[in-house]
Student: 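Could you have a look at this structure, given as structure tokens, before my questions?
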Amino acid sequence: MLLIRCPWCGERAETEFSYGGEAGIKRPAAPDRLSDPEWADYLFMRRNPRGAHRELWNHAQGCRRWFSAERDTVSYRIARTWRLDEEDSG
Amino acid sequence: MSAQPNRLPEGGRIDRTRPLSFRFNRKTYEGFAGDTLASALLANDVHLVGRSFKLHRPRGIVGLGPEEPNAIVQIGRGATTTPNLRATQVALEEALEAHPVRGWPGLRYDLGYVADFASRLFGAGFYYKTFMSPQRSWPVYEKLIRRAAGFGSSPTEPDTDRYEHVNVHCDVLVAGAGPAGLMAALAAAKSGARVIVADELPEVGGTLRGSREALAGKSADDWLEDVVSELDAHSDVTLLTRACVSGYFDHNFLTIVEDVSGHVRQRQWRARARQVVLAQGAFERPLVFCNNDRPGVMMASAVSTYINRYAVRAGSRAVVFTNNDSGYRTALDLRRAGADVEAVVDSRLHAEPVEGEALTEDGVPLLRGHVVCDVAGVNRVRAVRVAKWNGDISTPVDATINIDCDLVAMSGGFSPAVHLFSQSGGRIEWDLARHCFVPGDRVQACRVAGAANGMWSLAECLGDGLAAGRAAAEACGFEAPELDAPAVDAEHAIALEPLWRVPATTDPDRCPKQFIDFQNDVSVADVRLAVREVYRNVEHVKRYTALGFGTDQGKLGNINGMAVLAECLDEPIARVGTTTFRPPYTPVSFGVAAGEGVGDLYDPVRKTAIHEWHEEAGAEFENVGQWHRPWYFPRDGENLHAAVARECVATRRSLGIMDASTLGKIDVRGPDAVTFLERIYTHDVGKMQAGRCAYGIMLGEDGMLKDDGVMARLSEQRFYLTTTTGGAAAVLAWLESWLQTEWPELDVYLTSLTDQYSTIAVAGPNSRRLLEKVGCDIDLSHDAFPFMSTREAELANVPVSLFRVSFSGELAFEVNIDSGHALAMWRLLMDAGGEFDITPYGTETMHVLRAEKGYVIVGQDTDGSVTPVDLGMKWMLSKEKDYLGRRSLARPDSTREDRKQFVGLLSVDGSTVVPEGAQLVDDSSAQNPVPMCGHVTSSYRSACLGHPIALGLVAAGRARKGETVYACAGDVEPVPVTITSPVFYDPKGDRQRDG
């Protein structure tokens, strides 16, 4: 069970969190102007790297805040977590 | 039989003042406090304790702890009976009752033993080869196999014992409290770290306990007592005994299962450690020779420990068979215990162990360059056959020496217990010098110490433990003082020369079985057969032969199996590798896995504020998520159908009342509330006037319907949303995620009011009269309070929010009221409604009334693959703005003409209720595979309409009204149904709008 540092609450057990998938997926400003493949890319395509992965987590059973994390998909080591309004320093 | 014939007159860690009486296999025996079931059975000279899994061969106690493959027992009776326990790990108690788990009609005469005489038929892959065809017979085979297999029987009553979970944090967790673990714990404790040290045995010390070693000038037991008191003096040290570290999970999260006798039976510690020291020791390896599974053939270290720790001599005429020096020490232990040692058979040609001299002086024959080839005796060893050997595995040997004996103590060297290290993600490496798999690169913050790290001598283990404990404490930021390991007076060598199997006297594929895995009856010949049948990968060979599949998970025999596989493949063991180690390390009971989360604590139950009244009224309840909702309110022995018919008719004719409090309720407010909701909902939210309601739907970005409900605009910047009962939490989380991750610039606040407000729905032509009768301070007339609007009001002098909305198709009001007043309001309405024959109804009537109107239930009529266009809700889609999912409605797949569309379905005979979930086909006589054109999502009897109705999704269904399709479910005749509009009742909506 992962130990995750919520940027607001500190280190808590994984059972308090829910997972939000890849970070940095930006909703297109004008979906109508996108072609079908462009929209499908936003809608369906996600990175599945072996190694460092930036992703969203939600402290669902705590402060209910969303935040970003960089997690290694092999070792599950979480290098760091940061607030959505913080610069991605990595 | 005399009492405890194998018990030594003195010694051991048992309490001779506390004799305990116990029963095994329907016979009564006596042991002592401090015994395990296994040591007490051996004290009574009971070796035959089980039958093997496949061949039903008689089997005896082999080992000492969790590695025991044979002595599997069922303990106790009734609600607390426990199957699949190893007798070596069961602490003896007064009146303990144990049964062997296999053997019919009895242990000594087992009819299943015929399997052994036909064992050539039961080779590797037997199940796969035999039970594959004909395929339709598998259910029959499965029953037979399941009856033949298994390790005891589950209790049939609920467990009456309590189990608990404890969450803990510590700086250093030490798994195993043998010499290395204790030193690690002590070093960490002296630095000031918070330490948890856990060991599965009742006393710490591991192999030291009861041994004749001397440390720091003291006996082993005295030294151990000193260490324990030193640890006890540190308040930050938790020392757990009878507590097995069973799992090593991510981020240094470990589970420890502790046996507790008292107010709980077992406790699971869920520990998060900053650093971990693994010191779980090593397992001795069996040697592989013909009939090496006969009762009386035991691990040498187990024979020694039964003597030293339990004062039990497992036999009186022993043969020791070894490939390393440790076997000689067992021979000395046996001699000291008064047993005859008929020979020490050593496979090594030039071994010169220091212990040899004493044995020779004692007259014990030392047979170097010899091997035990075969064993005589069935239910107990009678003799061994020994051959001279030159060390070459390909040279057949000739067993010319016969030695009578009743005990064989075998030692094939040691394998470090790398299980937890492997679970942690660490790599396992083959050590060429020590001939064993050892921990390699670690992934998590852990260290391995002692025998688990491939250290065989006591001095090495003590030093390694100290170093690991210090390093762990320092990694946590503590300053660890220098400590000296206690002086050890004797050094013991191992000098192992590997012997993975004994060369056969005849063809190795046809000689008597040389067992590798005792529990699963896997022999050398089985591994060789698997290789001949082109299995090469160790994981495949494991599954084909069942090597290491048992409750012992191959703790004894796996390494020999891998070595035999390596020999067959002509590859080094390092290349063959090991199979994967997975938690738990030893079997764990379901009780302790569940902990307190059983019965009432299994899942929270949510009840509405009005629940008490529903119970008084005799409602039948159904579970909707965690909610207990009234399903229907039977009167005078009515069944579901009669009650629902009455409730439906009464509501449409006069007045029904329903507790709708489980609806999700979300308050949305802020300057940007409109902007936010415009992006969420498909309709034009900004055009809504304050005081107006709208039916609203939200889509996922994929364009599929996600949830629906009524949304009301209370003021310019304030909205009130309702969600489906099941969707309440998910919708709130969905809204929050968009606000936080995508649109943080929006100034909007979301508050869940689901529990704070209760909702009472009054429906039917007399609903307005009811509210007027109890006293309402606003004008409820149609003109003043039209359909789809909301008003703040006082009802019977209590503040409420009234919504003129309808899920039944009748004139209806929803009364939203502070939950503290809800029950009183309900009672008031019920009393006042007497003159209108007010009828409470539950979820079933609600479903029928809405189905008559063709209203969808999200999750019943939809399944995440249904667009609003499919549902005929195109009118709800704004053309003037973007909203979540809008773009997806223009994807080619969303605009297909042949998508399944929401329709009504009426059985052609006007009386058959179509089965819910039935598949729809165009041609009922077509041969398989029949193309399906849709399915039935909802189906009910309708008392108001006088015939059954159904809803469903049919490919291009809206254009097929009037056509007949066939509903097929299970073995019943296909039901012909006509496709219709989904709205069966009051299609223009006059009743709800103008009532």
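Since the structure is predicted, the reported quantities are computational estimates derived from the model, not experimental observations. The chains referred to below are lettered A, B, ... by the order of the sequence lines, with proteins before strands, and numbering in each begins at 1.
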Student: Just verifying a value: how many Å separate A/Leu34 CG and B/Arg887 CZ, rounded to the nearest 0.5 Å?
Tutor: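 The CZ atom of B/Arg887 is 6.5 Å from CG of A/Leu34, to the nearest 0.5 Å.
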Student: Mark yes when over 12 heavy atoms from residues, nucleotides or ligands other than A/Asn48 sit less than 6.0 Å from its CG; otherwise mark no.
Tutor: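 It does not: A/Asn48 CG has 12 such atoms or fewer within range.
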Student: Which bit of A/Ala13 comes within less than 4.5 Å of chain B, counting heavy atoms only: side chain, backbone, both or neither?
Tutor: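 Looking at A/Ala13, backbone and side chain both touch chain B.
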Student: Which answer fits B/Ala890, side chain, backbone, both or neither, if we ask what part of it has an atom under 4.5 Å from a heavy atom of chain A?
Tutor: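 Backbone only.
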Student: Who wins among A/Leu2, A/Ile78, A/Leu84, A/Leu43 for the most heavy-atom pairs under 4.5 Å with chain B?
Tutor: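 Looking at each of A/Leu2, A/Ile78, A/Leu84, A/Leu43 in turn, A/Leu2 comes out on top.
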Student: Assess whether a salt bridge exists between A/Arg77 and B/Asp250, defined as any Lys/Arg side-chain N lying under 4.0 Å from an Asp/Glu carboxylate O.
Tutor: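 No, this pair does not count.
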Student: Taking the side chain as every heavy atom from C-beta outward, state whether A/Asp85 and B/Gln740 have any atom pair closer than 4.5 Å.
Tutor: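 Answer no - side chains too far apart.
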Student: Checking B/Arg891 against chain A: side chain, backbone, both or neither under 4.5 Å from a heavy atom?
Tutor: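 Both parts, backbone and side chain.
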Student: Between B/Pro744, B/Gly425, B/Gly700, B/Pro892, who has the most heavy-atom pairs with chain A when the cutoff is under 4.5 Å?
Tutor: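 Among B/Pro744, B/Gly425, B/Gly700, B/Pro892, the one with the most close pairs to chain A is B/Pro892.
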Student: Once you round to the nearest 0.5 Å, how far does CD of B/Glu701 lie from OH of A/Tyr42?
Tutor: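 Here the rounded value is 3.5 Å.
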Student: Quick one: does any side-chain atom of B/Arg272 pair with a main-chain N or O of A/Met1 as donor and acceptor, under 3.5 Å?
Tutor: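 Confirmed, B/Arg272 side chain pairs with A/Met1 backbone.
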Student: Are side-chain heavy atoms of A/Arg64 and B/Leu732 found at a separation under 4.5 Å?
Tutor: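 Contact flag for A/Arg64/B/Leu732 side chains = yes.
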Student: If we define contacts as heavy-atom pairs under 4.5 Å, which of B/Ala729, B/Ser737, B/Ala733 has the most with chain A?
Tutor: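 Option with the top pair count is B/Ser737.
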Student: Any chance CD of B/Glu745 has more than 12 other-residue heavy atoms, nucleotides or ligands included, within less than 6.0 Å?
Tutor: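 Above 12, so yes.
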Student: Taking atom NZ of B/Lys881 as the centre, does the number of heavy atoms from other residues, nucleotides or ligands within less than 6.0 Å exceed 12?
Tutor: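 Buried by this count: over 12 neighbours within 6.0 Å.
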Student: Measure the spacing between CD of A/Glu14 and NE2 of B/His251 and express it to the nearest 0.5 Å.
Tutor: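 So the gap between those two atoms works out to 8.5 Å.
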Student: Of the backbone (N, CA, C, O) and the side chain (C-beta and beyond), which part of A/Trp39 lies under 4.5 Å from a heavy atom of chain B, both, or neither?
Tutor: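 Just its side chain gets close to chain B.
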Student: Please flag which part of A/Phe44 lies under 4.5 Å from any non-hydrogen atom of chain B: side chain, backbone, both or neither.
Tutor: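 For A/Phe44, the side chain is the part near chain B, not the backbone.
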Student: CZ of B/Arg427: more than 12 outside heavy atoms within 6.0 angstrom?
Tutor: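 No, CZ of B/Arg427 has 12 or fewer neighbouring heavy atoms, counting only those of other groups under 6.0 Å.
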Student: Would you indicate whether the side-chain heavy atoms of B/Asp882 and A/Arg27 approach each other to under 4.5 Å?
Tutor: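 Yes, side chains in contact.
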Student: Rounded at 0.5 Å granularity, tell me how far CZ in A/Arg65 sits from OG1 in B/Thr741.
Tutor: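 Interatomic distance, A/Arg65 CZ to B/Thr741 OG1, rounded to 0.5 Å: 11.5 Å.
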